[in-house]
Amino acid sequence: MVNKVIFIGRLGKNAEVKTAQNNKEYVVFSLATSESWKNEKGDYENRTEWHRVYAWSNLSSFAKTLQKGQLITLEGKIKYREVSEEVEGVTFKHSIAEIHATSMKRLSKVEVAEDPADGASDDDGAAQTEPEIISPTKRQK
């Protein structure tokens, strides 16, 4: 059995750095994906879906450099978290779907020139031709 998703989408806002209860850093961001189709009348319709993405370990270093509007691709797993909410004295239980990233690739440039992960350098400012894939198994040097 496999639990694997692949997304190509844009960030809805800058990635947010957080700290878990075990003092490990992680990053959370919203990713928008969209699809379009022709309806029965022949008109095009569009739908945008928003996905909450979590990046842990080595991926958090890369993910915190991501900016609103940036196009990325990622692979990950879907995890569900049970939550309870009380509305007017009635408790409702429901599941929230979360995407836990296992690898990411930047597909559009970062606005900040000092971001070394995007291929900018102090020497000539040239961008790398192929975006770098970051995964938890890649060790930082």
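The first residue in the sequence is number 1, and the count goes up from there. This one's a predicted model, so the numbers in the text were calculated from it and none came from an experiment.
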For Lys68, does its backbone N or O pair with a side-chain atom of Asn14 as donor and acceptor, under 3.5 Å? yes
Closest non-hydrogen atom pair between Val28 and Tyr26, with its separation: CG2-CE1, 3.4 Å
Would you check, one step at a time, whether the test salt bridge (charged side-chain N to carboxylate O under 4.0 Å, His left out) holds for Glu98 with Arg52? CA-CA 5 Å; Glu98 302 171 337; Arg52 190 158 178 86; 5.6 Å; no
Flag side-chain contact, heavy atom, 4.5 Å: Thr33 against Thr48: no
Any donor-acceptor N or O pair under 3.5 Å, side chains Glu82, Ser95: yes
Residue pair Val5 / Ile99, side-chain heavy-atom distance below 4.5 Å: yes
Is it true that Leu11 and Trp50 fall in one hydrophobic cluster, defined by side-chain heavy atoms closer than 4.5 Å? no
Straight-line distance of Ser103 OG to Phe62 CZ, nearest 0.5 Å: 10.0 Å
Which heavy atom of Ser36 sits nearest to which heavy atom of Asn46, and what is that distance? CB-OD1, 2.8 Å
Decide yes or no for Arg81 and Lys79: does some side-chain heavy atom of the first lie under 4.5 Å from some side-chain heavy atom of the second? no
Gln70 side chain to Ser108 backbone, donor-acceptor under 3.5 Å: yes
Got Lys13 and Phe29 here, is their nearest side-chain heavy-atom distance under 4.5 Å? no
Please check this pair: side chain of Arg106 against backbone of Ile72, looking for a donor-acceptor N/O pair closer than 3.5 Å. no
Is there side-chain contact between Met104 and Glu75, with heavy atoms separated by less than 4.5 Å? no
How close do Ala15 and Val27 get, counting heavy atoms only, and between which atoms? CB-CG1, 3.5 Å
Checking side-chain polar atoms at under 3.5 Å, does Glu85 have a donor or acceptor matched by the opposite partner on His94? yes
Do Arg47 and Trp37 come within less than 4.5 Å of each other through their side chains, counting heavy atoms only? yes
Taking NZ, NE, NH1 and NH2 as the nitrogens, is one of them in Lys38 or Glu45 under 4.0 Å from a carboxylate oxygen of the other? no
In Å and rounded to the nearest 0.5 Å, what is the OG to CD distance from Ser61 to Glu25? 6.5 Å
The reported gap from CD1 in Ile78 to NE2 in His51 (rounded to nearest 0.5 angstrom) is 9.0 Å
Donor-acceptor under 3.5 Å (Thr73 side chain, Phe7 main chain): yes
Leu74 versus Ile6: any side-chain heavy-atom pair under 4.5 Å? no
